[in-house]
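First the structure, which I've put down as structure tokens, then a few questions once you've had a look.
Naming convention: chains lettered A, B, ... in sequence-line order (proteins, then strands); numbering from 1 in each chain. Computed from a predicted structure; not experimentally measured.
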Protein chains: 2
Amino acid sequence: MKLLIVEDQARTGQYLSQGLSEAGFATELAADGETGQHLALSGDHDLLILDVMLPGRNGWQILQAVRQAGLDTPVLFLTARDAVEDRVHGLELGADDYLVKPFAFSELLARVRSLLRRGASPSLDTTLSLADLRLDLIRRRAERAGQRIDLTAKEFALLELLLRRQGEVLPKSLIASQVWDMNFDSDTNVIEVAIRRLRLKIDDPHANKLIHTVRGMGYVLEERQD
Amino acid sequence: MKLLIVEDQARTGQYLSQGLSEAGFATELAADGETGQHLALSGDHDLLILDVMLPGRNGWQILQAVRQAGLDTPVLFLTARDAVEDRVHGLELGADDYLVKPFAFSELLARVRSLLRRGASPSLDTTLSLADLRLDLIRRRAERAGQRIDLTAKEFALLELLLRRQGEVLPKSLIASQVWDMNFDSDTNVIEVAIRRLRLKIDDPHANKLIHTVRGMGYVLEERQD
DNA sequence: AACTACCTGACAGGAAGATTACAACTTTGT
DNA sequence: ACAAAGTTGTAATCTTCCTGTCAGGTAGTT
């Protein structure tokens with residue numbers, strides 16, 4: 001299993017490479033877009049990990065070139081937080097998954113393994129779901145019990161985070177760092193308000209609620225019978 | 001084996017550094033967040049010991065930077081008492097373990113050894129258990145005999161302490177310092193009440209009790225046959 | 001029995017979150 | 001370019017329920 005990592009920040013690239021090597025993958029590392037694309041087109045990688053922001057050619061361009069060349073290598077995108085458009089764009093161009101920086105290495109590893117497991121199949125999984133709730137990552141739209149729900153950027157980001165980590169109690173500090181670019185030292189209630197707005201759309205019209213408050217801690221997305 | 005300690009309080013840092021040196025580890029000590037992060041990112045440590053409260057950059061930020069750089073160095077967090085959110089946040093970001101100040105040096109040593117033994121594997125165990133009682137630190141929920149039990153913040157903190165130190169008799173003074181931010185000089189019975197409330201949820205509905213009172217000493221969590 | 005340590009149920013203050021309204025700012029359409 | 005509609009953060013108020021206190025009660029110890 002050989003992975004290509006295209007990442008311009010030397011340190012980041014180095015550690016991705018090292019970490020994945022230790023996890024048992026062969027890795028190749030490109031520090032800029034041109035060489036990255038060149039290597040990617042060689043076609044002998046099982047997975048591409050592309051940073052979006054790159055000198056030379058950006059991640060999208062590489063992805064596009066790869067797909068144009070008829071390669072269906074799975075692609076994992078590394079994107080900045082809050083850049084929803086980037087992600088959607090990436091998925092539209094045929095990326096298979098993406099990760100928002102900063103991320104835990106363990107999560108990267110999980111995604112990498114998942115992508116490799118389901119092979120280079122073009123069955124790109126662009127929806128997340130729980131119970132009768134579904135989230136379409138590309139159309140940026142949710143659906144509950146067949147009913148379509150349009151979401152705003154923030155609502156989308158929040159729901160996506162909740163869905164990806166369903167069952168886990170997400171501290172507000174974590175939510176703040178993933179969905180907003182803040183360290184949660186400020187005394188704001190944006191998160192509560194955002195949750196309220198999300199609930200209004202996905203929970204309020206239905207009997208079994210999915211978003212639950214854990215007082216003093218944060219929020220969970222999960223199905224509860226009672 | 002080289003350890004990096006990031007701790008701003010000179011005395012504490014000194015103490016840790018010296019103690020760990022004597023235990024046979026090579027140690028490096030940083031007194032503020034910036035130098036700490038800089039050193040941490042060099043990647044040539046086998047374990048990081050991070051204080052949460054730091055001038056410059058706090059422990060989380062360092063951890064985040066480290067994980068973002070793809071390093072999976074084990075991280076042991078030193079957090080203030082009563083900061084439940086801190087701990088969970090740390091675990092979410094990829095810390096492997098944490099210790100609540102003040103702590104016994106022996107315990108620090110035990111954790112350090114355990115972390116080094118299980119290597120840089122991200123196998124951080126997020127659940128504690130005893131008999132048919134389980135506590136999931138991420139989902140932030142207890143379970144007894146399959147039955148789910150919701151806990152409040154204080155109950156959770158208390159049960160976590162008891163579980164981490166199962167079999168030990170914990171003096172009330174210790175409990176007071178770990179779960180509350182108090183020196184236990186005051187004449188309050190918060191602890192008794194808190195224990196009562198915890199018992200109500202985890203012991204009262206079951207035959208074999210796990211929380212035991214040791215008159216004049218404190219409380220233990222353990223299984224007793226008779 | 002007396003003393004002490006701990007248990008128990010009730011209560012109230014207050015902290016955490018929910019909800020609503022509003023204003024600043026963007027986007028969209030004409 | 002202007003108006004209308006939509007999005008998002010801030011702030012004020014309301015609601016919920018957690019948690020410390022207190023006033024007895026109970027059980028262990030001498």
By side chain to side chain contact (heavy atoms under 4.5 Å, CB included) - contacts of A/A131 (at least two apart) | A/L210, A/E223
For A/L198 and D/dT7, what is the distance between atoms CG and P respectively, to the nearest whole Å?
-> 13 Å
Sequence neighbours excluded, the answer for side chain to side chain donor-acceptor pair (under 3.5 Å) partners of B/D150 is none
Check the distance between C/dG17's C1' and A/I175's CD1 and give it to me in whole angstrom.
-> 13 Å
Among B/D51, B/V52, B/I49, B/I62, find the residue that satisfies the side chain to side chain contact (heavy atoms under 4.5 Å, CB included) test when tested with B/V6.
-> B/I62
Find the distance A/L159:CG to D/dT8:C1' and express it as a whole number of Å.
-> 17 Å
Residue list, salt bridge (charged side-chain N to carboxylate O under 4.0 Å, His left out) with B/K201, at least two apart or on another chain | B/E155
Would you list the protein and nucleotides 20-25 of chain D atom pairs, both N or O, that sit under 3.5 Å from each other?
| from | atom 1 | to | atom 2 | distance (Å) |
| --- | --- | --- | --- | --- |
| D/dG20 | OP1 | B/W180 | NE1 | 2.9 |
| D/dG20 | OP2 | B/W180 | NE1 | 3.1 |
| D/dG20 | N7 | B/R197 | NH1 | 3.2 |
| D/dG20 | O6 | B/R197 | NH2 | 2.4 |
| D/dT21 | OP2 | B/T188 | OG1 | 2.6 |
| D/dC22 | N4 | B/N189 | ND2 | 3.4 |

Salt-bridge contact A/D96-A/R67 (side-chain N to carboxylate O under 4.0 Å) = yes
Between A/R196 and C/dA18, is there a side-chain N or O to OP1/OP2 distance below 4.0 Å?
-> no
In degrees, rounded to 10°, what is the bend between the two ends of the helix from C/dA1-D/dT30 to C/dT30-D/dA1, using five pairs at each?
-> 30°
Which residues satisfy the salt bridge (charged side-chain N to carboxylate O under 4.0 Å, His left out) test with B/D8, sequence neighbours excluded?
-> none
To the nearest angstrom, how far is A/I195 atom CD1 from D/dT10 atom C1'?
-> 18 Å
Indicate whether OP1 or OP2 belonging to D/dT8 is found under 4.0 Å from a side-chain N or O atom of A/T152.
-> yes
Kindly indicate whether the side chain of B/R215 and the base of D/dT29 share any N or O donor-acceptor pair separated by less than 3.5 Å?
-> no
Phosphate OP1/OP2 of C/dA5: any B/T213 side-chain N/O under 4.0 Å = no
Within less than 4.0 Å of OP1 or OP2 of C/dC6, is there a side-chain N or O belonging to B/K172?
-> yes
Atom CG of A/L221 and atom CG of A/L163: how far apart are they, to the nearest 0.5 Å?
-> 5.0 Å
Verify the contact: side-chain N or O of B/Y219 to OP1 or OP2 of C/dC7, cut-off strictly under 4.0 Å; return yes or no.
-> yes
Taken in chain and number order and not counting sequence neighbours, the residues that satisfy side chain to side chain contact (heavy atoms under 4.5 Å, CB included) with B/E143 are B/R134
Rounded to whole angstrom units, what separation is found between the CD1 atom of A/I211 and the P atom of C/dA18?
-> 10 Å
Quick one: side chain to side chain contact (heavy atoms under 4.5 Å, CB included) partners of A/A194, sequence neighbours excluded?
-> A/L158, A/W180
Could you give the CZ-to-C1' distance, from B/F156 to D/dC17, as a whole number of Å?
-> 19 Å
Who passes side chain to side chain contact (heavy atoms under 4.5 Å, CB included) against A/Q147, sequence neighbours left out?
-> none
Just to confirm, is there a sub-4.0 Å distance from OP1 or OP2 of C/dC7 to any side-chain nitrogen or oxygen of B/R199?
-> yes
In whole Å, what is the span from the CD atom of A/E155 to the C1' atom of D/dT8?
-> 10 Å
Rounded to the nearest Å, what distance is computed from the CG atom of residue B/L200 to the C1' atom of nucleotide C/dA10?
-> 14 Å
